[in-house]
There are 2 protein chains.
Amino acid sequence: MNDDAQLETDLRAEGVRVTRQRLAILHVLRMASDHPRAEDILNRAKVQDPSVSQATVYRTLAMLEKAGTVLKNEFDGAGARYELAGGAHHDHLIDLDTGEVIEFHSQKIERLQAEIAADLGYDIEWHRLELYGRRPKAR
Amino acid sequence: MNDDAQLETDLRAEGVRVTRQRLAILHVLRMASDHPRAEDILNRAKVQDPSVSQATVYRTLAMLEKAGTVLKNEFDGAGARYELAGGAHHDHLIDLDTGEVIEFHSQKIERLQAEIAADLGYDIEWHRLELYGRRPKAR
DNA sequence: TGACTTTTCGCAAATCGTTCTCATTATCAT
DNA sequence: ATGATAATGAGAACGATTTGCGAAAAGTCA
Ligand SMILES: [Mn+2]
Ligand SMILES: [Mn+2]
Ligand SMILES: [Zn+2]
Ligand SMILES: [Zn+2]
């Protein structure tokens, strides 16, 4: 597990200045496992550094997304939800009752997507696969 | 091919009043094959009835969506894009260069999605599968 | 048709998440 | 430490969509 000093290294690797605010935001993302919204990230970052502003949260997220460090998910409903990009590609299942986000991956689906696009004469740049469902009522 | 008188029947079937504006909007949707945005629908509807307003376009689309007559697609980028729900379920491939929307359907993928959700203990209510790609440059 | 009730309309103002402006502050190579 | 300049906070602006409100149109039943 990376400690907070690693965050500084990560930022420097991207050639940007290491600011308190960016460290706080990255720390929040490191700790999160719930695909938080910008507003959640702001609130959590403020615990570590009360000076963090909304504008900086959005700016930092946009910057990290461009750098490939962060993934921005535009699920149905309110605003975007973010997560660190670290691991392998995965798609999401959203619980319509709780809002919980569950991750999954299907090599078969990924392959089929590529085949379909190829048949249509396209190369896929990226894709979005989201399942919206609920747990069947106890029975 | 349905004529415009059919539109009136469609509206009555939904138990709402038949207005010039609604007929114009439905007509536009009937003619469209390009997944138009609300703004496009407004502009096209104005040709038939210049009195149609933006608010009515949004209100009518929301109403038709709730009735299951219209599908609202929230693709990446600007605003939502609409289409009549008539046919069979399909997903979309968006051309990143032209914005063109291509429809496709894979029974295999649909089945895999259901299996994945079932394994996770969920029933899928709806899903979104969008492929974003481009035609390989001529070579 | 005309009076009466209900729905829908256009317009403008409000929302909401996100982006931008700009004066001020902080980082960092020197 | 100093200076160049990147990054920040506060709040205004934005764009798509939604909503409140009084006016107009649609449905109802003589
Ligand atoms: Mn995820
Ligand atoms: Mn379609
Ligand atoms: Zn995937
Ligand atoms: Zn599908």
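The sequence lines fix the lettering, A, B, ..., with proteins before strands; numbering per chain opens at 1.
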Checklist entry - Rounded to the nearest Å, what distance is computed from the CG atom of residue A:L61 to the C1' atom of nucleotide C:dC20? => result 16 Å
Checklist entry - What is the distance, rounded to the nearest whole Å, between atom CD of B:E74 and atom C1' of C:dC16? => result 14 Å
Checklist outcome for this item: Residues pairing under salt bridge (Lys or Arg N to Asp or Glu O under 4.0 Å) where one sits in residues 38-57 of chain B, two or more places apart or in two chains, turn out to be B:R20-B:D49, B:D34-B:R44
Checklist entry - With ILVMFWY side chains joined below 4.5 Å, transitively, what does B:F104's cluster contain besides itself? => result A:L93, A:I102, A:F104, A:I109, A:L112, A:I116, A:L120, A:Y122, A:I124, A:L129, A:L131, B:L93, B:I102, B:I109, B:L112, B:I116, B:L120, B:Y122, B:I124, B:L129, B:L131
Item to check | Spacing between A:I41 atom CD1 and C:dG17 atom P, to the nearest angstrom | outcome: 14 Å
Next on the checklist: Near DNA chain C, counting only heavy atoms under 4.0 Å, which residues of residues 13-25 of chain B show up?
Outcome noted: B:V16, B:R17, B:T19, B:Q21, B:R22
Checklist entry - When you measure from the side chain of B:T56 to the backbone N and O of B:V52, does any donor-acceptor pair fall under 3.5 Å? => result no
Checklist entry - Is the shortest side-chain N/O distance from B:T56 to OP1 or OP2 of C:dG10 below 4.0 Å? => result yes
Checklist entry - What pairs with A:H92 under side-chain hydrogen bond (donor to acceptor under 3.5 Å, both in side chains), at least two apart in sequence or on another chain? => result A:H35, A:E83, A:H90
Checklist entry - Taking NZ, NE, NH1 and NH2 as the nitrogens, is one of them in B:R22 or B:D10 under 4.0 Å from a carboxylate oxygen of the other? => result no
Checklist entry - Counting only N and O atoms by type, is there a donor-acceptor contact under 3.5 Å from the side chain of A:R37 to the main-chain atoms of A:G79? => result yes
Checklist entry - Between which nucleotides of DNA chain D, 5' to 3', does chain B make heavy-atom contacts below 4.0 Å? => result D:dA16 to D:dG27
Item to check | Any A:Y58 side-chain N or O less than 4.0 Å from OP1/OP2 of C:dT19 | outcome: no
Item to check | Sugar-phosphate only, base, or nothing, as touched by A:A62 at under 4.0 Å among non-hydrogen atoms | outcome: nothing
Checklist entry - Does the B:H105 side chain pair with the main chain of B:H89, one donor and one acceptor, at a distance under 3.5 Å? => result yes
Checklist outcome for this item: Sequence neighbours excluded, the answer for side-chain contact (heavy atoms from CB on, under 4.5 Å) partners of A:E74 is A:K72, A:A80, A:R128, B:D76
Checklist outcome for this item: The bend of the helix from C:dT1-D:dA30 to C:dT30-D:dA1, taken between the axes of its five terminal pairs at each end and rounded to 10°, is 30°
Item to check | Counterpart residues, salt bridge (charged side-chain N to carboxylate O under 4.0 Å, His left out), relative to A:R12 (two or more places apart) | outcome: A:E8
Next on the checklist: Nearest whole Å is fine: how far is C:dA12 C1' from B:Q54 CD?
Outcome noted: 11 Å
Checklist entry - Taking only residues two or more places apart in sequence, or in another chain, which ones meet B:E125 in a side-chain hydrogen bond (donor to acceptor under 3.5 Å, both in side chains)? => result A:R134
Next on the checklist: Among residues at least two apart in sequence or on other chains, which ones pass side-chain hydrogen bond (donor to acceptor under 3.5 Å, both in side chains) with A:Y132?
Outcome noted: A:E130
Next on the checklist: Rounded to whole Å, how long is the line connecting atom CD of A:E39 with atom P of C:dT18?
Outcome noted: 10 Å
Item to check | Closest approach of B:A85 to B:G68 (non-hydrogen atoms, all atoms of both residues) | outcome: CB-O, 3.3 Å
Is there any protein nitrogen or oxygen under 3.5 Å from a nitrogen or oxygen in nucleotides 21-23 of chain C, and what are the pairs?
residue, atom, partner, partner atom, Å
C:dT21, O4, A:R59, NH1, 3.4

Checklist entry - What pairs with A:T69 under side-chain hydrogen bond (donor to acceptor under 3.5 Å, both in side chains), at least two apart in sequence or on another chain? => result A:E14
